[in-house]
Amino acid sequence: MQKYNPGKVEAKWQKQWLSKKPFKATESKKKPKKYILVEFPYPSGAGLHMGHLRPYVAADVYARYHRMKGFETLFPMGWDAFGLPAENYAIKMGVHPSITTKKNVANAKKQMLSWGLSFDWGREINTTSPEYYKWTQWLFLQFYKKGLAFESTGLINWCPKDKTGLANEEVIDGKCERCGTVVEKKELRQWYLRITAYAEKLLQGLKELPQWPEAVKLQQENWIGKSTGAEIEFGIKNYELRIKVFTTRPDTIFGATYMVIAPEHEIISNLKLQISNYKEVNKYIEKAKSKADIERTAEGREKTGVELKGIKAINPATKEEVPVFVADYVLGSYGTGAIMAVPAHDQRDFEFAKKYNLPIKTVVVPIVPLDPKQLATLETYENNASKYVEKTVRQVEGEYKLWVDKFLKEISSKDSSILELGSGRGLDANYVESLGYKVQRTDGVQSFIEYQKSQGKEVIKLNLLTDKIEVKPYDLIFANKVLLHFNSDQFKIIVKSINASLKRGGIFAFSVMDFAKSKEWFGKDPKMESERYFKYWTEGEMRKELHGLGFTVLDVLETKATDTGYKDLLFITKKCSDLCFTDYGKVINSGQFDGLGTDVAIPKMAEIFGTQVVNYKLRDWVFSRQRYWGEPIPLIHCEDHGAVPVPEKDLPVKLPNVKKYEPTGTGESPLADIKSWLKTKCPICKKTAWRETNTMPQWAGSSWYWLRYMDPKNKNKFSDLQKQKYWSPVDVYFGGMEHTTLHLLYSRFWNLFLYDQGLVSQKEPYVLRKPHGIILGPDGEKMSKSRGNVVDPQTIVKQYGADVLRMYEMFLGPHESMVAWSDTGVVGVSRFLDRVWNWANEIIEAPHEARKGKGEKGVQDTQKVERELNKLIKKVTEDIENFRFNTSISAFMEFHNQIKDDFITLESLQKFIKVLHPFAPYITEELALRSAEVLKLKKNKVTSLQQAVWPLFDESKILESESEIVVQINGKVRGKLRVALNASEETVKNEALKLEPVKQALVGDTIKRVIFIKGRIINLVI
RNA sequence: GCCCAGGUGGCGGAACUGGUAUACGCUACGGACUUAAAAUCCGUCGCCCGCAAGGGAUUGAGGGUUCGAUUCCCUCCCUGGGCACCA
């Protein structure tokens, strides 16, 4: 037998597939359909790379499998060929982009053919062919006619290197998505598509896509960025003007101590005369405008702003006058371009307020969430704690007394306010009061423990405890052991609340039990829940936590140990910084709204002070590019009629074939220089008119291409509705994660729009989206020329053949995870296919049936082969359906390892070849042909395994007659047993007891419990 | 900072609804074949103790639930991705 020669076999089958067309898709009423789509490539000069291979191979396996399963399968391919690289190359080399594109397409197609991808080339499309872009232009006009394509002048993202405007989605980290250049702002006249009109539909549509990965949906959802809030008007003192703000937290309006407007805000020019420092303000605005976004949002950048002197706004809730600032931390393009600043409850306003010394007013305090499970803990605690507290109660003596006396001396006046939380025994309020100070207590002289006992429900009790912390500038807050009752999260919430109530520089003192001892005491009780509900603080942990909450620890005192050895720790801390509380909670300092939960207050206050509104982060899509190599926007500008659509009969507006097409950089398209093309007649009045010179973005052609595949040759329609009704929607769409907020969002938008126009049959174009992970270089880094770690797929094809390339790519790991290519690993798959070739050919040339002798009726596979084969078919079938290609490859190898020395019929061998076919199409076609010749099947009827039927598996043949039972003692494996398939617990137990290790383990012990899982495990608990 | 996804031998990775962790492949080592090498075939191979039989610990760390946890729960750490002055 000759060694497998992939080069020869692959060339043969490529030819065969091209001429016999087994991948051709035709609408068939008899068969169910599958539309399998994979993102079409941009054909670059470098050719296709590993990044393309991954989704293509996966999609191909999926498509080949479904053809064999009896589906009429549409698996098309085309070329997304408009774009900058071709154009830039053309400029550099003086070759027209249409020429390089043609060359690149031919090369990419050659690569695809070599990889054995089963595309229906009869449906090939190219976005740069006039027959295709005629319809891209026509579809653009549908948007235009519905007012969803519009012209507007504004500040847009501009890439200085590519010399063109960009959409919001094309700016990644402030850089151009294509070339990585830092994006600038430029004021330009642009065409937009009103994608914002579809923000809600795009968001709602995601709910109808249960088969999409959550990550993809979430990313689109975040990009659309819906937020519900209120618009509230602030009046300007002495003027009729008002400033409208958008806020998601109308519940904090009583804390709005100033306003901020964006530099672009119109009120500035309206009040030019009234602003006494206009010069300064204007200077700030000019400076802000010149900044690139990346500069403006740079991390850690300090907030800047200028007050509009001479004008004051009125807070509609408090009726107080508040200053108005202009600052670039407020964006002109979001909401109303103005905000009410609530420094106590918004991090940005907080930073700004601190810098410019603006008042910070707390109007929301946290509510401590209490887990119902904690109640059990508290009960146990109570039972133990009263005893514990008795033992550790300090009188005011020793170090505590010294500290109290010292502190009281330090605070100047006797009407300083002190708040004590919890038990009165720590600070001893009576003692402090005896010195003439006033102490506000939360629960009188009664200890916290007693207080707890006196109350019915613990939840209320604890809430009362925290609720009593009023926001009032205390000098000292003392909490005795109260904080012990909370876990780390709750501790944070309470200390935040204390922070808000304490004067700057005020003292927060609290005691906790010595952690080691408290653990010893309470940890013993089995009913005591873990740290989930009850935190044993160590000193170090406490210090760290406090620091993050705005306190510095001044001192930590220890009480003297009681005779039983228990101690307390007293932490004395000073408030060193204010905290900004941005969470929800309870409203305070807000007049009639005091005491409301923020959840209730938000809609209520929104209604009273303004109106509820919804805002989206999504921006309209900047749809024009100032470049040559794209679809011309099919509009004509007439002096009398404005922008007039090119009549349908005149479409497409072809790109003029010229020699020079450098971008101008001025914001004008190079087409503006081509006078002969530019000048035309108005379709309405026939007067001289001028063509629109901008072209469409890269994303235009791909926004509808899946619709064209269903009807690629239609001269009268972009896509026939009847054909769509057969093929639509796309059942699986393979592609990259990087397109989630670009192509994937854009194409959903186009489809939703066309659906509304009755032009497409399905609301959502893709039922299932399957993203793939990227393939890294052998060094685990991203493949790149500069790193020199690029693996060229064609090199692998040449060396090992396409089947190996395909199978190894899949073997690397799960389709959606990031994997590193390995140059040594690839030989494993190559060896496997060689072994399969040799093994299969041996059987084909000398069938086991023949060897076993003639006349022997019903020659069969060994039982083992039957079992393994059915297992394999089941595994592979399920793996493909679930996109787990990597484990299928393992299963093939395992199967071969298992049965290679067994008796196997040709029929079984053919089943194996069939299930392997989607993964390794070439070698399997060849083997299938050879075996068919031996079996004298009429080979001219069947031209490809693609017409063969996918084998079914027989579940009953997978079951073994015996099963292995694992014998465990207390969950540890002590032995194994082979027993009959449905052996009873009793039988298995008796057998298990005979095992030597089991006997040994049972010496001196009795079996308390037996856990038996039929066919799997017996666990003896002793 | 916020939101996702993930963390298993020397490496890529496998493990059904909680039931023998490390399948499959690579690497490494030993052997056969060969004048020799490559290729191929056979065997060994996670860690610690042990000559062995055997025992012990182990799925990022710590804790919990359970007869039993890679899988479920809590806390923390790390890596990758997305968003980010969006009010």
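To find a chain, count down the sequence lines: A is the first, B the second, and so on, and within it residues start at 1. Side chains are part of it too, since the values below use all heavy atoms of this structure and drop only hydrogens, waters and symmetry mates.
Here B:G19 is the nucleotide among B:C85, B:G19, B:A23 with the atom lying nearest to any side-chain atom of A:Gln968. Relative to the side chain of A:Phe811, the nucleotides B:C67, B:G12, B:C42 differ in distance, and B:G12 lies closest. Of the candidate nucleotides B:G13, B:C85, B:C67, B:G13 has the atom lying nearest to any side-chain atom of A:Pro814. Out of B:U27, B:C67, B:A87, the shortest distance to the side chain of A:Thr824 is found at B:U27. Taking every side-chain heavy atom of A:Glu894 into account, B:A23 is the closest of B:U20, B:G25, B:A23. Closest contact between the side chain of A:Met893 and the listed nucleotides B:U27, B:G25, B:A87 involves B:G25. Closest to the side chain of A:Gln219, from the set B:G82, B:U20, B:C85, is B:G82. Closest to the side chain of A:Thr247, out of B:C42, B:A87, B:C67, is B:A87. Ranking B:G80, B:C83, B:G12 by closeness to the A:Lys617 side chain, first place goes to B:C83. Comparing B:A14, B:C67, B:C83 by their nearest atom to the side chain of A:Trp223 picks out B:C83.
Across all strands shown, B:G9 remains unpaired; no Watson-Crick or G-U wobble contact has both distances below 3.5 Å. The base-pairing partner of B:A53, taking Watson-Crick or G-U wobble contacts with both distances under 3.5 Å, does not exist among the strands shown. Look at B:U44: its Watson-Crick or wobble partner, with both distances under 3.5 angstrom, is B:A28. If you check B:C85 for Watson-Crick or wobble pairing at under 3.5 angstrom, you find it has no partner at all.
When atom types are taken as modelled, the side chain of A:Asn886 and the backbone of A:Met810 share no donor-acceptor pair closer than 3.5 angstrom. Side chain of A:Asn870 to main chain of A:Ile958: no donor-acceptor pair is present (N/O by atom type, distance under 3.5 Å, no hydrogens or angles). A:His896 contributes no side-chain N or O that, together with a main-chain N or O of A:Val836, makes up a donor-acceptor pair within less than 3.5 Å. In terms of modelled atom types and a separation under 3.5 Å, the side chain of A:Tyr284 and the main chain of A:Thr304 share a donor-acceptor contact. Side-chain atoms of A:Asn157 never come within 3.5 Å of backbone atoms of A:Val183 as a donor-acceptor pair (strictly under, hydrogens ignored). Judged purely by atom type and a 3.5 angstrom limit, A:Tyr258 uses its side chain to pair as donor or acceptor with the backbone of A:Asp349.
Taking atom P on both nucleotides, B:U70 is separated from B:G63 by 14 Å, rounded to a whole Å. One P atom belongs to B:A37, the other to B:C48, and the distance between them is 32 Å to the nearest Å. B:C83 and B:C67 are spaced 47 Å apart, taking the P atom of each and rounding to whole Å. Taking atom C1' on both nucleotides, B:U22 is separated from B:A15 by 9 Å, rounded to a whole Å. Nucleotides B:G62 and B:U71 place their P atoms 13 Å apart, quoted to the nearest Å.
Within the 4.0 Å cut-off from OP1 or OP2 of B:C26, at least one side-chain nitrogen or oxygen of A:Arg831 is found. Residue A:Lys972 places at least one side-chain N or O under 4.0 Å from the OP1 or OP2 atom of B:A57. Of the side-chain N and O atoms in A:Asn897, one or more sit less than 4.0 angstrom from OP1 or OP2 of B:G25. The shortest distance between the side-chain N/O atoms of A:Asn1019 and the OP1/OP2 oxygens of B:G19 is not below 4.0 Å.
With hydrogens and angles ignored, a donor-acceptor pair closer than 3.5 Å exists between the side chain of A:Glu964 and the base of B:U20. For B:C67, its base never sits under 3.5 Å from the side chain of A:Lys1008 at any donor and acceptor pair.
At a threshold of 4.0 angstrom between heavy atoms, the contacts of A:Val966 include nucleobase atoms, whether or not backbone atoms are also involved. Nucleic acid contact class of A:Ser333 (heavy atoms, under 4.0 Å, all strands): none.
Toward the 5' end of RNA chain B, the nearer of the two residues A:Arg974 and A:Arg835, judged by each one's closest nucleotide, is A:Arg835. Checking A:Glu214 against A:Glu351, the closest nucleotide of RNA chain B that is more toward the 5' end is the one next to A:Glu214.
Glycosidic conformation of B:G46: anti, with the torsion beyond 90° of 0.
Ring-plane geometry between A:Trp839 and A:Phe912 is classed as perpendicular, the angle between the planes exceeding 60 degrees on a 0 to 90 degree scale with a lower cut at 30.
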